[in-house]
Asks: 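The structure under discussion is supplied below as structure tokens; questions concerning it will follow.
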Amino acid sequence: MFEYLKGRRVLVTGHTGFCGSWLSLWLKHLGAEVYGLSREPHTTPNLHSLLDVWNDKNSFIGDIGFSGVVGPVMENVKPEIVFHLAAQPIVRQSYVDPIENYRSNVMGTAEVLEAIRQSDSVKAAVMVTTDKVYHNREWIHPYRETDRLGGKDPYSASKAACELVINSYIDTMLDKSKTLCASARGGNIIGGGDWSADRLIPDIVQAVSADTPLIIRNPAATRPWQHVLALCHGYVQLAETLFKGDASKSGSWNFGPIDETAISTLQIVDAFGKYWKKPKVDIQGSPLHEAQRLALDSSKARIDLKWTPAWSTQEGIAKTVEWYKEYHHSGKDMQAFCEKQIIEYQKTLKLNSKIAGT
Ligand SMILES: NC(=O)c1ccc[n+]([C@@H]2O[C@H](COP(=O)([O-])OP(=O)(O)OC[C@H]3O[C@@H](n4cnc5c(N)ncnc54)[C@H](O)[C@@H]3O)[C@@H](O)[C@H]2O)c1
């Protein structure tokens with residue numbers, strides 16, 4: 001499985017964050033030589049510090065929104081593959097400090113791409129954006145990669161702007177014979193080890209464990225929810241095609257749940273209650289704009305990349321609850337627990353591809 005990663009030098013930006021921690025651990029597990037570049041972890045606790053992946057030689061701390069930060073790291077590491085995840089990822093925070101949001105997300109992405117362009121080593125780059133890059137018309141239809149970009153809130157607008165920057169580099173500035181690049185647009189991500197503010201799962205875990213009410217602003221809002229390993233699986237599979245030189249895989253890719261369903265905030269709370277405990281819900285409105293409906297059409301990834309996530313949204317919720325229960329009840333070796341879930345995910349993946357004959 002993903003043999004191409006064995007011994008490869010891989011740089012993950014955003015390695016101190018939730019998704020970057022899972023991705024880095026999985027890459028290490030697959031035999032890659034992993035390096036990271038990010039700011040310091042921004043929550044206590046955080047998954048990054050619970051994992052024994054990082055040391056002074058492979059973890060670089062810096063702000064990618066400023067020039068002169070990414071280039072020297074790229075020169076030092078000489079990665080063959082780059083996964084760019086570092087970003088300000090929270091819609092409500094983007095209203096608090098829109099300038100910092102644009103600097104980290106748009107300038108940060110441009111800085112990473114420019115460093116890739118200057119490097120002699122990078123063969124494949126996966127740039128992570130989001131499902132929120134689409135001009136949201138509150139459609140019931142899932143969005144496709146060919147739909148118009150847009151974004152009303154500063155986070156969505158910044159990620160749509162990243163898409164333009166990425167496409168400009170792909171179309172005019174990266175030498176395709178040397179480096180292939182693509183963007184990955186994933187849905188809302190769940191999984192153990194996320195303690196970010198203003199995110200549903202961390203808020204539910206906090207409410208359940210402290211027995212306090214869960215404040216919800218947008219109970220009926222629907223999103224394509226999926227487990228972090230399903231997303232990492234998509235990123236790694238996309239990187240493989242790029243690394244092997246398939247230029248047709250440059251461009252943008254949606255990565256959404258298996259059945260393309262988007263489920264509501266309250267449905268997530270109910271599902272969480274099924275596996276653990278349902279918190280008391282306190283519904284409070286918000287004057288800040290957030291989209292109501294959002295679903296992703298991932299048929300391009302399913303057909304052209306042969307990516308099929310091993311876990312459904314429901315299974316993803318069950319695995320997420322399992323993780324937090326373990327953390328709250330024993331709290332001991334969460335690295336071993338993450339590895340156990342990675343192995344379970346890989347096993348299901350292998351079984352599914354055997355059944356499908358691929
Ligand atoms: N979590 C989700 O539901 C979700 C959904 C779709 C897309 N994404 C995207 O996935 C990526 C990872 O998200 P996450 O959930 O792990 O977020 P996170 O907040 O847990 O991690 C963000 C990471 O980016 C780093 N970072 C932020 N600004 C930086 C800067 N200026 N310079 C250097 N590092 C910086 C942080 O230090 C951290 O390592 C982001 O690009 C996000 O937009 C996340």
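Sequence positions, counted from 1, serve as the residue numbers for this chain. Both ligands and their constituent atoms are indexed starting at 1 by order of listing.
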Asks: Looking only at protein heavy atoms, which one is nearest to atom 36 (C) of ligand 1, and how far off is it?
Replies: Thr16 OG1, 3.9 Å
Asks: What is the closest protein heavy atom to atom 32 (N) of ligand 1, and at what distance does it sit?
Replies: Ile64 N, 2.9 Å
Asks: What is the nearest protein non-hydrogen atom to atom 23 (C) of ligand 1, stated with its residue, atom name and distance?
Replies: Gly14 CA, 3.7 Å
Asks: Between the side chains of Arg144 and Asp297, is the shortest nitrogen-to-carboxylate-oxygen separation below 4.0 Å, so that they form an ion pair?
Replies: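 Looking at Asp297 and Arg144, the cut-off is met.
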Asks: What distance separates Met74 CE from Glu114 CD, expressed to the nearest 0.5 Å?
Replies: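 Output value for this atom pair is 10.0 Å.
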Asks: So which heavy atom in the protein is nearest atom 18 (P) of ligand 1, and how far is it from that ligand atom?
Replies: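 Among all protein heavy atoms, the one nearest atom 18 (P) of ligand 1 is His42 NE2, 3.7 Å.
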Asks: I'd like to know if His84 contacts ligand 1, where contact means a heavy-atom distance under 4.0 Å to any ligand atom.
Replies: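 No.
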Asks: Between the candidates Ser38, Ser158, Gly65, Ala87, which shows the shortest non-hydrogen contact distance to atom 26 (N) of ligand 1?
Replies: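 Selected option, by shortest heavy-atom distance: Ala87.
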Asks: Nearest protein heavy-atom contact for atom 34 (N) of ligand 1: which residue, which atom, what distance?
Replies: Arg39 N, 3.1 Å
Asks: Compare Ile90, Thr129, Thr13, Thr130 and give the one whose heavy atom is closest to atom 9 (C) of ligand 1.
Replies: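 The nearest heavy atom belongs to Thr129.
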Asks: What protein heavy atom lies closest to atom 40 (C) of ligand 1? Include the residue and the distance to one decimal.
Replies: Leu85 O, 3.1 Å
Asks: Quick check on Phe66 - does any of its heavy atoms sit under 4.0 Å from an atom of ligand 1?
Replies: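 So Phe66 does not count as touching ligand 1.
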Asks: Under 4.0 angstrom from ligand 1, any heavy atom of Leu231?
Replies: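 For ligand 1, residue contact (heavy atoms, under 4.0 Å) with Leu231 is absent.
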Asks: Looking at ligand 1, is there an atom of it that comes within less than 4.0 Å of some heavy atom belonging to Pro41?
Replies: no
Asks: Ser21: heavy atom below 4.0 Å from ligand 1, yes or no?
Replies: no
Asks: Can you label the angle between the Trp276 ring and the His329 ring as parallel, tilted or perpendicular, going by 30° and 60°?
Replies: perpendicular
Asks: Determine yes or no for a side-chain-to-main-chain donor-acceptor pair under 3.5 angstrom, with Ser59 supplying the side chain and Asn55 the backbone.
Replies: no
Asks: For atom 10 (O) of ligand 1, what is the closest protein heavy atom, and at what distance to 0.1 Å?
Replies: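 Atom 10 (O) of ligand 1 sits closest to the protein heavy atom Val128 CG1, 3.6 Å.
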